[in-house]
Amino acid sequence: MAAKAIMVQGTMSNSGKSFITAGLCRVFKQDGYKVAPFKSQNMALNSYITKDQLEIGRAQAMQAEAAGIDPTVDMNPILLKPTSHTGSQVIVNGEVWANMNAMDYYQRKTELIPEIMKAYNKLADEYDIIVIEGAGSPAEINLHENDIVNMGMAKMAKAPVLLAGDIDRGGVFASLYGTVKLLDDDEQKMIKGTIINKFRGDVKILEPGLRMIEERTDIPVVGVIPMTHIDIDDEDSLSERLNMTSAGEGIDIAVIKIPHISNFTDFSAFERMEHVSLRYVSRGEQLGTPDLIIIPGTKNTMDDMSWLRENGLETMIIRKSEEGVPVIGICGGFQILGKNLLDPDGVEHGGEMRGMGLLDTETVFVDSKTRTQIHGQVIGGGGFFDTLKGFDVTGYEIHMGVTTNLGGCVPCIRLEDGRIDALMNKEGTVFGSYLHGLFDSEGVVYAIVSGLFEKKGITMEDYHFDLSAYKEEQYDKLADLVRNSLDMEKIYEILNAGV
């Protein structure tokens, strides 16, 4: 086991752990090291399918991308996908292990330590540096005894810890100090540096506080990261993306913010294009007059269908579709667009439910989960979606339902294994697909946006967008931010010294 390790923990959720971890991965890569991210346990509905058809958290896939490597299941051996306020689907080594309530998982999670260490040790044999990300806060004292993701993981990996606090929320010095002092003495000694994240203003005004927190904790502040917009995929529903509700100039795309929304990063490509605004809608009065409506993936299709019906958004979406507004459904959103939802085995909700009826399809939920990373080609189209024909696409499937064409839909995508994925209504106004990542195919997203521009009478001369180049540019910007904000000499010293 040759790799050196360093761990990023936070004083709370959304303090910037994923962001800083990705930045350090990029810096170490630029400095010539083979580096990999690792998070023993992730809780998120944003997930990703690896090349060997295993499921991990989307944040670790993003961090691997920043490190210039392919994501693997070893980077996130445990993924919790909430199914309710008290229960989750527990995914171990990329496959469903069980559906468990919070107490049952808490009592059994130490059984998974051998799997965590097997994954970690495999990475440690292959890479020079591992950047480990924690979860939430290490100072959740009610969870301390059986911790496997914060200080428990740091001990298992013998990794020095950097503790990040979010100053934008206020109270950063109290949260840093309180987090440190709630830890056991041996754990306090493992924290080798603190980071102030999301700072606005003049650092000189902050300096007295930096000196004081160093004195009170006996831990050096290794940097202050300014609040900067760098466009990388976010980890979970705390993402600021989901708070964007206002339409901008040009094309207006409305994503329905269903309660169990998953994989909302599917639509990031639209946000990154000029003259395109993408916003999230959770109430009828917010829908307005969009040029395109998207219903995203969901961890509970039937519950979210009920929610759409109860709050009136179903009726409004159907009306907009009848007026000619294109509607796209991805994964659970694809299922929602159909006529019938059947759950004979109680996989989600149990029983039967009427869908929106915008596609002539029926979905039956099954116990087995479809997980594939796959290529395909758009073979059919018509109406608004006619320009998609002929494009090669790449994406990944994560679903527990089988959707059948009842006869009134046009097959749109043939996958490399011969299956038909996407379906469209005969008018070419409603399109559904199981493929997450479909809009990362530049030809597809460009064809959709150009169609919207044309429909709205806007000229798109010499309009080009290279998503891959854009992502690389953002990762390099992130690395520059980390280098300029953190004392990298000190961080290398911490990395090399260990614990």
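Quick note: numbers below take in every heavy atom, side chains included, and nothing from hydrogens, waters or symmetry partners.
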## Note on the structure
By salt bridge (charged side-chain N to carboxylate O under 4.0 Å, His left out), Glu397 pairs with (sequence neighbours left out) Arg419
With sequence neighbours left out, write down each residue that passes side-chain contact (heavy atoms from CB on, under 4.5 Å) with [X], or none if nothing qualifies.
X      : result
Glu140 : Ser137, Asn142, Leu143
Lys29  : Arg26, Val35
Met400 : Gln89, Val347, Lys369
Arg414 : Ile379, Ile420

### Query
Listed by chain and number, what are the ring-ring contact (aromatic ring centres under 6.0 Å, His included) partners of Tyr475, not counting sequence neighbours?
none
### Message
List the residues meeting ring-ring contact (aromatic ring centres under 6.0 Å, His included) with Phe334, not counting sequence neighbours, and say none if there are none.
### Response
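Listed in chain order: Tyr434.
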### Task
Please determine if Lys299 and Glu348 form a salt bridge, counting it only when a charged side-chain N lies under 4.0 Å from a carboxylate O.
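Between Glu348 and Lys299 there is no salt bridge, as every charged N stays at least 4.0 Å from the carboxylate O atoms.
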### Message
Do the side chains of Asp74 and Lys122 get close enough for a salt bridge, i.e. N-O under 4.0 angstrom?
### Response
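The answer is yes: the pair qualifies as a salt bridge.
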#### Entry: Passing candidate, side-chain hydrogen bond (donor to acceptor under 3.5 Å, both in side chains) with Arg58, options Asn76, Asp233, Asn42, Asp266
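When side-chain hydrogen bond (donor to acceptor under 3.5 Å, both in side chains) is applied between Arg58 and each of Asn76, Asp233, Asn42, Asp266, only Asp233 qualifies.
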### Query
What residue pairs, at least two apart or across chains, pass side-chain hydrogen bond (donor to acceptor under 3.5 Å, both in side chains) with a residue in residues 312-323?
Arg309-Glu314
Quick one: list whatever passes side chain to side chain donor-acceptor pair (under 3.5 Å) with [X], sequence neighbours left out.
X      : value
Thr361 : none
Lys339 : Asp360
Gln9   : none

#### Entry: salt bridge (charged side-chain N to carboxylate O under 4.0 Å, His left out) assessment of Asp291 paired with Lys455
CA-CA 9 Å; Asp291 300 300; Lys455 195 167 183 281; over 6 Å; no
### Message
Is there a side-chain hydrogen bond (donor to acceptor under 3.5 Å, both in side chains) between Thr394 and His375? Walk through the geometry before answering.
### Response
CA-CA 4 Å; Thr394 297; His375 302 284; 2.7 Å; yes
### Query
Ignoring hydrogens and geometry, is there a side-chain-to-backbone donor-acceptor pair from Glu442 to Ser468 under 3.5 Å?
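Yes, because the side chain of Glu442 sits within donor-acceptor range (under 3.5 Å) of the backbone of Ser468.
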### Query
Does the Asp343 side chain pair with the main chain of Gly350, one donor and one acceptor, at a distance under 3.5 Å?
yes
Side chains of residues 107-116: which donor-acceptor partners sit under 3.5 Å, not counting sequence neighbours?
| unit_1 | atom_1 | unit_2 | atom_2 | d |
| --- | --- | --- | --- | --- |
| Arg108 | NE | Glu111 | OE2 | 3.1 |
| Arg108 | NH2 | Glu111 | OE1 | 3.2 |
| Glu115 | OE1 | Asn93 | ND2 | 2.8 |

